[in-house]
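The structure appears right after this line, and notes come after that.
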Amino acid sequence: HRDIVRSMNTCKTCKHWKREQLPTDNVRNTGGMCRSENIRENWSFDYYQPANMVYDYSEGGGFWTGPDFGCVHHSEGQP
């Protein structure tokens with residue numbers, strides 16, 4: 001896991017990712033929310049593209065990832 005993380009772009013350096021603080025859970029306080037338009041929920045698949053991820057159930061949630069999660073939609077910048 002650590003060797004792979006060293007060689008790829010991860011959430012902690014992506015402009016689409018924001019670290020979030022949860023008041024009741026210290027374990028998940030190391031993670032954050034991905035705000036990329038390419039990773040979303042949509043009941044009708046309107047946003048589907050070959051490189052996107054679409055969760056086909058609309059619950060009004062978001063995508064929680066760890067700082068070392070990597071993705072093809074990484075955009076270098078300040079999270």
Side-chain angles (χ1 to χ4, degrees):
H1 163 252
R2 288 186 180 109
D3 291 336
I4 293 170
V5 168
R6 281 188 213 117
S7 67
M8 63 188 305
N9 295 316
T10 60
C11 292
K12 65 186 163 199
T13 60
C14 182
K15 72 177 185 179
H16 300 293
W17 190 74
K18 182 179 180 199
R19 185 177 299 276
E20 302 279 342
Q21 292 294 314
L22 300 175
T24 59
D25 191 335
N26 289 332
V27 173
R28 286 183 284 179
N29 276 341
T30 61
M33 296 295 287
C34 177
R35 307 277 187 223
S36 173
E37 290 293 316
N38 298 301
I39 301 173
R40 60 172 51 206
E41 63 177 354
N42 187 282
W43 200 7
S44 67
F45 285 94
D46 292 343
Y47 297 99
Y48 175 75
Q49 295 293 321
N52 286 3
M53 183 185 86
V54 179
Y55 176 62
D56 75 342
Y57 190 82
S58 188
E59 298 176 297
F63 294 93
W64 187 267
T65 64
D68 292 334
F69 183 78
C71 167
V72 298
H73 298 292
H74 180 274
S75 279
E76 195 73 30
Q78 288 290 32

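The residues of the chain are indexed from 1 along the displayed sequence.
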Worksheet item: Residues in side chain to side chain contact (heavy atoms under 4.5 Å, CB included) with T65, at least two apart?
Response: C11, W17, F69

Worksheet item: Which distance, rounded to the nearest 0.5 Å, do you find between the NE2 of H16 and the CD1 of I39?
Response: 8.5 Å

Worksheet, complete the sentence: Rounding to 0.5 Å, atoms CH2 (W64) and CE (M33) come to a distance of 7.0 Å

Fill in: Minimum-distance pair of heavy atoms, taken over all atoms of R19 and P67
NH2-CB, 4.1 Å

Discussion item. Can you tell me which residue among H73, M53, H74 is in a side-chain contact (heavy atoms from CB on, under 4.5 Å) with S36?
Written reply: H73

Worksheet item: Looking only at heavy atoms, what is the nearest atom pair of D68 and T10, with distance?
Response: O-CG2, 3.5 Å

